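Because the structure is predicted, anything quoted here is derived from the model rather than measured. We're numbering straight along the sequence, starting at 1. Hydrogens, waters and symmetry mates play no part in the numbers below; they use all other heavy atoms, side chains included.
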Amino acid sequence: MNQLDALRQYTTVVADTGDFKQLGAFRPQDATTNPSLILKAVQKPEYQPLLAQTVQQFRDRPLDEVMDRLLVAFGREILSLIPGRVSTEVDARLSFDTAATVARAQRLIALYQAEGLPTERVLIKIAATWEGIQAAAELERQGIHTNLTLLFSFAQAVACGQAKVQLISPFVGRIYDWYKKNAGAAWDEAARSGVNDPGVQSVTQIYQHYKRFGIATEVMGASFRNVGQIIALAGCDLLTIAPELLAQLAASDAPLTPALSAGAAQRLDLQPVSYDEAGFRYALNEDAMATEKLAEGIRAFAADALKLEKLMQAL
């Protein structure tokens, strides 16, 4: 049994890609996308017809609607290849606007429904700002399930659990990147790998908190830099993995055992935690890494959305 098949015994494997033609080789349950992945995909020759067709068909519509229709076109193709759910992201430029995020999510779901795809097969991705988390809480009350992304801190995860969101995507690799960059020459790769990796430690803390206190929100580790990070989180509810790392797992037959266990987490002596808005904002502010990576992530996704819009306008 290769490591990918072994991982599937303990964790739902999700593909992190806009390149849906790669999905068949790895048989993921779910798939996630984001503006950066879609931008990367549409620059490949095999996806340019889908971009051109969408722009041509809806040229008379507002640009933000054409963008949503392109995201749904990719989501539709992905859903034809996987048995589970696809995550589609709300424009990152709305990350601090609760009402606009709710409206955009509702439109994405309506577009999926118009394609004959049921709501339960779609997760709406929203940045885990305070405003985004409140938007997700409202959408969940409406029966629209959400995936809270750009999540770097325990405070963000606690607030998402309180909001009863369907799923969170804590970013392992970007946390690792921050600590490695800050340490500079003092960084010891071997000493900070596996269970000592700061990104792995963050997801582990969140997973243990959720399982200890019966929080139903699913934990999906994301943004991996190496296979070691994935192996150290085997047993997590879900892991969303780029095709290159899926291929590495499929090519290895080294042993893989679960690192996380709901049963073990339920026996831990942990204290309950909750936040109101002021407490959340202060806790996030106290976490320099999370504050910087959240802002950086929103900027990067917004920049790629702009690039995607320019590509559409050029057609």
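Scanning all heavy atoms of the two residues, the minimum distance from Pro28 to Pro83 falls at O-CD, 3.5 Å. Here the closest non-hydrogen pair linking Thr32 and Lys125 is CB-NZ, 4.4 Å.
Side-chain contact between Leu139 and Val165 is absent, with no heavy atoms from C-beta onward closer than 4.5 Å. Between His209 and Val158, some side-chain heavy-atom pair lies under the 4.5 Å cut-off. The shortest distance between side-chain heavy atoms of Glu218 and Leu238 falls below 4.5 Å. Asp253 is not listed as a side-chain neighbour of Gln3, based on a closest heavy-atom distance of 4.5 Å or more. Between Thr17 and Thr33, every side-chain heavy-atom pair lies at or beyond the 4.5 Å cut-off. Within the 4.5 Å cutoff, the side chain of Thr204 has heavy atoms near those of the Leu233 side chain. Contact annotation: the side chain of Leu167 approaches that of Arg85 to within less than 4.5 Å [non-hydrogen atoms, C-beta and beyond]. Here the side chains of Ser252 and Asn2 are not in contact, with every heavy-atom distance at 4.5 Å or above.
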Intermediate values then yes/no, ring-ring contact (aromatic ring centres under 6.0 Å, His included), Tyr282 and Tyr275:
CA-CA 10 Å; Tyr282 188 78; Tyr275 292 108; over 10 Å; no

Pair Gln106-Gln142, side chain to side chain donor-acceptor pair (under 3.5 Å): steps then yes or no:
CA-CA 9 Å; Gln106 290 169 331; Gln142 297 175 15; 2.9 Å; yes

Test log, rule side chain to side chain donor-acceptor pair (under 3.5 Å), inputs Asp19 and Tyr47:
CA-CA 8 Å; Asp19 188 346; Tyr47 295 105; 2.2 Å; yes

Test log, rule side chain to side chain donor-acceptor pair (under 3.5 Å), inputs Asp287 and Ser153:
CA-CA 7 Å; Asp287 189 330; Ser153 73; 4.9 Å; no

Can you list the steps and then say if Gln201 with Gln205 is a side chain to side chain donor-acceptor pair (under 3.5 Å)?
CA-CA 6 Å; Gln201 290 174 332; Gln205 180 189 21; over 6 Å; no

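Between Arg107 and Asp64, at least one side-chain nitrogen of the basic residue sits less than 4.0 Å from a carboxylate oxygen of the acidic one, meeting the salt-bridge criterion. At a threshold of 4.0 Å, the pair Lys293-Glu296 counts as salt-bridged, since one of the basic side-chain nitrogens sits closer than that to a carboxylate oxygen. The pair Lys164-Glu140 does not count as a salt bridge, with every side-chain nitrogen at least 4.0 angstrom from each carboxylate oxygen. Salt bridge status for Asp237 with Lys211: present, with a side-chain N to carboxylate O gap under 4.0 Å.
One hydrophobic cluster, built from ILVMFWY side chains closer than 4.5 Å, holds both Leu39 and Leu51.
Taking the ring axis of Tyr176 as reference, the NZ or CZ atom of Arg225 does not stay both within 45° of it and closer than 6.0 Å to the ring centre.
Using cut-offs of 30° and 60° on the angle between ring planes, the pair Trp130 and Phe280 is tilted.
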